[in-house]
Amino acid sequence: MYRFAPSPTGDMHIGNLRVALFNFICAKKNNQKFIIRIEDTDTQRNIQGKDQEILEVLNLFGIKYDEVYYQSNNLKFHYQMAMQLLMDQKAFSCFCSEDVLNQKKESAKKNSTAYMYDDACLNLSDSEVLENEKPFVIRIKRPTKDLSFTDIIKGDMKFSAKSIDSFVLLRANKTPTYNFACAVDDMLHDISIVIRGEDHLSNTPKQKLIRKYLKYNKEIIYAHLPIILNSQGKKMSKRDDASSVKWLLNEGFLPSAITNYLILIGNKTPTEVFTLDEAIEWFDLKNISKSPAKFDLDRLRHLNREHIKKSDPLELAKLIGYSSKDLGQLAKIYTEEASTINEIKSKIDKIFSSKNSKEFERELNILRDIISDMPYFESFDEFKSYLIDKSSLKGKKFFKPLRVLLTGVQSGPNLSDIYPHIKNYLGEIIR
Ligand code: GLU
């Protein structure tokens with residue numbers, strides 16, 4: 001069983017989408033189930049509607065799943081398992097107030113040491129616990145032995161027992177922390193492999209410890225994907241527009257191109273341009289590089305052009321707001337100077353805009369008059385000869401105005417390439 005576990009706390013980041021894609025691909029390849037778990041237990045940070053948005057993005061990218069679970073539906077199990085850990089003396093109640101903890105965090109900061117909980121409540125007697133009326137959290141007992149695991153991408157990972165403190169499982173309001181809910185749910189959902197971002201690497205020993213204390217024996221395998229860096233070599237953050245899937249879609253990048261790009265970076269692939277279905281054929285997590293992948297918008301633009309060229313002309317026409325196959329073909333020609341659906345749309349919209357030009361006002365009028373009255377020509381050469389003949393315009397005084405009249409601008413792809421796709425719409429175009 002594979003899972004993708006997004007938090008409904010913000011817009012989908014390309015890193016999240018990459019994680020979802022890799023999980024989907026591996027589940028498909030290995031004929032296993034794939035579930036979505038919306039991690040909604042941090043109610044303070046949840047944003048209403050983000051869960052649906054995430055599912056819509058997955059659908060748009062062709063990422064199919066078997067089931068959607070909400071972590072909040074498992075709250076009673078989180079609670080029960082915390083109680084079990086208390087009874088087994090693998091966890092303890094902690095009454096330290098926020099103020100006291102904050103003071104300790106401050107002094108750790110002053111001494112430039114990493115803050116770790118000091119186990120102040122570890123050895124409270126039963127009566128000290130039972131008679132205490134202050135709010136309390138439940139903490140796991142920190143590990144006594146070093147923890148290690150082998151990550152499919154990162155290799156052998158070791159965490160010294162000293163690096164992990166007695167961390168919180170249940171908050172004072174009895175909601176689970178991320179690590180606890182995640183560890184329990186991966187167990188309840190019978191997950192066999194977790195593919196996620198490397199920002200979670202240090203959570204893995206904690207989650208393994210929780211399941212060990214719960215006496216769960218199944219070994220869950222981990223693969224932590226390297227982070228994606230921006231062009232300055234810094235981690236792609238919300239401040240980088242291109243980190244947002246929504247932004248990329250709004251700019252007019254095709255889901256198939258974004259998919260291609262996210263599978264391509266930091267990977268060894270047999271070809272540069274491919275579809276998701278093709279990637280399912282050859283994908284192997286072992287080919288993913290250990291080091292961070294670098295985001296390069298120009299490369300994505302290149303892939304977008306390639307996917308536009310390969311797309312169905314009618315579908316493409318619809319994306320730019322037209323309903324004819326011809327205009328989808330025309331859109332493909334414009335990939336020579338435009339990379340996104342939006343950029344191409346603005347070129348095609350110009351073709352259908354009304355044209356004025358101070359410089360060529362006279363010529364435009366002459367050409368307009370002739371075209372509006374002329375017979376239909378299948379080929380551009382015939383069309384051109386007829387116009388030259390009737391207008392007596394020559395050289396630049398012919399070609400420039402003709403281009404302006406047909407495309408709304410003075411430069412662009414060859415008119416002979418454009419003509420076959422616009423010849424049926426000349427009446428609308430020459431307005
Ligand atoms: N909700 C976590 C996130 O969005 C999931 C981490 C995980 O896959 O365990 O980062």
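All values reported here derive from a predicted model rather than from experimental measurement. Note that ligands are numbered from 1 as they come in the structure, with each ligand's atoms numbered from 1 the same way.
- Pairs passing the salt bridge (charged side-chain N to carboxylate O under 4.0 Å, His left out) check and including a residue from residues 262-279, sequence neighbours excluded, read E272-R299.
- Checked against a 3.5 angstrom limit, the closest N/O atoms of Y178 and ligand 1 fall inside it.
- For atom 8 (O) of ligand 1, the closest non-hydrogen atom on the protein side is R3 NH1, 2.5 Å.
- At the top of the distance list for atom 3 (C) of ligand 1, counting protein heavy atoms only, stands H200 NE2, 3.6 Å.
- Considering only non-hydrogen protein atoms, atom 5 (C) of ligand 1 sits nearest to A5 O, 3.0 Å.
- Close approach of ligand 1 to C182 (heavy-atom distance below 4.0 Å) involves ligand atoms 9 (O).
- Between the side chain of N230 and the backbone N or O of Q232, at least one donor-acceptor pair lies under 3.5 Å.
- Here side-chain hydrogen bond (donor to acceptor under 3.5 Å, both in side chains) pairs that include residues 94-117, with residues two or more places apart or in two chains, are K104-D118.
- Judged by distance alone, the side chains of R171 and T41 never bring a donor and an acceptor atom under 3.5 Å apart.
- No donor-acceptor pair closer than 3.5 Å links the side chain of N132 to the backbone N or O of V129.
- Listed by number with element, the atoms of ligand 1 under 4.0 angstrom from any heavy atom of E39 are 1 (N), 2 (C), 5 (C).
- Taking a 4.0 Å cut-off on heavy atoms, F4 fails to register as neighbouring ligand 1.
- Any N or O atom pair closer than 3.5 Å counts here, and R196 shares at least one such pair with ligand 1.
- Screening R211, K212, K208 against E219 for a salt bridge (Lys or Arg N to Asp or Glu O under 4.0 Å) leaves a single residue, K208.
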